[in-house]
Amino acid sequence: MLNIVLFGPPGAGKGTQSQKLITKYNLVHLSTGDLLRAQIAQGTELGLQAKKLMDEGLLVPDEVVIGMIDSALQAHKATAGGFIFDGFPRTVPQAERLDQLMQQHDSGINCMIALEVAEEELVTRLLERGKTSGRPDDQDESKIRRRVTVYNTETAQVAGYYAAQKKFHSLNGIGAIDSIFGQICAIIDQHQPAVPESPAQATSEVKA
């Protein structure tokens, strides 16, 4: 399977690029926020556990999030070409735990790609998006800057973790959508898992 960690600050265009990657590579988009909301809505054991913690103003522990990711992998791995991880991992311990989980599924993370956009451009984009998105956090400049700061702090550590594995890549997130998409695909194609040769192919090659 092809498994990608896609990073980018709020407003970097990550959502747009994710949709194009999903179509091209037959991937499943795994957003930890979406997973939490889905599990809570379905009333699963993990969802109830997460809701109880969130209602008390506590962070959902890594093991609960990993459990939700594990459930999603189980549900989709038979039909998906791979997964895009969005919003996770945010810390080195989370990245290590994700590696362990992927190994349990006889797979792994192929690459981490970060879209880099200057803070002022992000603020401009999000304030513009806030005019139609209806999201309060897209309409308050101080909240936008806080979100970008949190992202930069978190990403620095995780980027180093994947860089040590020679899996980290960063791209300029400013430019034409299709141009950025082409650059992302070029990186992904370098990390595509090898397709095992079938016995029929091997026999054919020997005869040739």
Side-chain angles (χ1 to χ4, degrees), residues 1-38 62 65-117 122 150-196:
M1 290 193 297
L2 173 65
N3 303 302
I4 305 161
V5 175
L6 186 62
F7 261 52
K14 192 174 47 174
T16 299
Q17 296 298 337
S18 289
Q19 290 306 312
K20 293 174 73 67
L21 292 169
I22 287 166
T23 301
K24 180 177 174 64
Y25 295 102
N26 184 32
L27 304 177
V28 171
H29 183 244
L30 291 185
S31 162
T32 51
D34 291 344
L35 288 176
L36 279 168
R37 286 186 286 272
D62 290 352
V65 177
I66 282 289
M68 293 181 178
I69 292 174
D70 189 17
S71 295
L73 292 175
Q74 298 274 15
H76 296 286
K77 70 177 184 179
T79 56
F83 298 86
I84 295 179
F85 293 89
D86 179 356
F88 191 92
R90 290 184 179 275
T91 66
V92 171
Q94 287 179 354
E96 292 171 342
R97 187 66 187 87
L98 180 60
D99 274 351
Q100 293 168 6
L101 177 64
M102 298 307 291
Q103 287 172 8
Q104 293 170 18
H105 287 274
D106 297 319
S107 191
I109 299 300
N110 297 88
C111 59
M112 173 190 178
I113 301 173
L115 297 176
E116 307 289 353
V117 179
L122 293 170
V150 169
Y151 165 80
N152 288 333
T153 302
E154 292 172 341
T155 307
Q157 299 175 354
V158 180
Y161 176 83
Y162 285 111
Q165 299 181 7
K166 302 188 185 308
K167 295 178 179 179
F168 173 74
H169 300 268
S170 63
L171 286 176
N172 186 351
I174 298 177
I177 291 173
D178 287 343
S179 174
I180 296 170
F181 178 64
Q183 295 175 63
I184 293 174
C185 292
I187 292 170
I188 290 173
D189 291 344
Q190 294 173 23
H191 293 273
Q192 278 271 31
V195 178

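It should be emphasised that the depicted structure is a prediction, and the values quoted were computed from it without experimental measurement. For the single chain, residues carry numbers from 1 onward in sequence order.
- For the residue pair Leu98 and Pro89, the shortest heavy atom distance occurs at CD2-CD, 3.8 Å.
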Task: Steps toward side-chain contact (heavy atoms from CB on, under 4.5 Å) verdict (Thr155, Glu116) - done: CA-CA 11 Å; Thr155 307; Glu116 307 289 353; 5.7 Å; no
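- Under the side-chain contact (heavy atoms from CB on, under 4.5 Å) test applied with Phe85, the options Leu6, Thr32, Asn3 reduce to a single match, Asn3.
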- [ ] Any chance you could lay out the side-chain contact (heavy atoms from CB on, under 4.5 Å) test for Asn172 and Gln183, step after step, and finish with the verdict?
- [x] CA-CA 10 Å; Asn172 186 351; Gln183 295 175 63; 5.8 Å; no
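- Remark: Leu2 CG to Ile109 CD1 distance equals 9.5 Å, nearest 0.5 Å.
- Closest approach of Asn26 to Thr79, counting heavy atoms only: ND2-O, 3.2 Å.
- Residues Asp106 and Lys77 have side chains not in contact (no heavy-atom distance under 4.5 Å, counting atoms from C-beta outward).
- When side chains are defined from C-beta on, Phe181 counts as touching Lys24, because their heavy atoms get closer than 4.5 Å.
- The OH atom of Tyr25 sits 7.0 Å away from the CD1 atom of Ile4 when rounded to the nearest 0.5 Å.
- Between Val28 and His76 there is a side-chain heavy-atom pair separated by less than 4.5 Å.
- Checked by atom type and distance alone, the side chain of Asn152 never pairs as donor or acceptor with a backbone atom of Pro9 at under 3.5 Å.
- Contact check for Asp70 versus His105: side-chain heavy atoms found under the 4.5 Å cut-off.
- Residue pairs that meet the salt bridge (Lys or Arg N to Asp or Glu O under 4.0 Å) test with at least one member in residues 154-174, sequence neighbours left out, are Arg90-Glu154.
- In this structure, Leu115 and Gly13 approach most closely via the heavy-atom pair CD1-C, 4.1 Å.
- Side-chain contact, Gln165 with Asp99: a donor N or O sits under 3.5 Å from an acceptor N or O.
- Heavy-atom contacts from other residues, nucleotides or ligands closer than 6.0 Å to CD1 of Ile177 number 12 or fewer.
- For Asp178, the salt bridge (charged side-chain N to carboxylate O under 4.0 Å, His left out) partners at least two apart in sequence or on another chain are Lys20.
- Side-chain contact between Ile113 and Ile188 is present, with at least one heavy-atom pair separated by less than 4.5 Å.
- Here the shortest heavy-atom pairing between Phe83 and Leu27 reads N-CD2, 3.9 Å.
- Remark: Asp86 pairs with Lys14 by the salt bridge (charged side-chain N to carboxylate O under 4.0 Å, His left out) rule, at least two apart or across chains.
- Contact annotation: the side chain of Leu21 approaches that of Cys185 to within less than 4.5 Å [non-hydrogen atoms, C-beta and beyond].
- Here Ile22 contributes atom CD1 and Gln17 contributes atom CD; the two are 11.5 Å apart, rounded to the nearest 0.5 Å.
- Cys111 places none of its side-chain heavy atoms less than 4.5 Å from the side chain of Tyr162.
- When all heavy atoms of His191 and Ile187 are compared, the closest pair comes out as CD2-O, 3.2 Å.
- Taking the six-membered ring where tryptophan is involved, the planes of Tyr151 and Phe7 are tilted, since the angle between them lies from 30° to 60°.
- With rounding to the nearest 0.5 angstrom, the CD1 atom of Ile84 is 11.5 Å from the OG atom of Ser31.
- Between Val5 and Val158, the closest side-chain pair of non-hydrogen atoms is not below 4.5 Å.
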- [ ] Decide side-chain contact (heavy atoms from CB on, under 4.5 Å) for Asn110 and Gln192; before the verdict, give the C-alpha distance in whole Å, the side-chain angles of both, and the deciding distance to 0.1 Å.
- [x] CA-CA 7 Å; Asn110 297 88; Gln192 278 271 31; over 6 Å; no
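- In terms of heavy-atom proximity, Met1 sits nearest to Ser107 at CE-OG, 3.8 Å.
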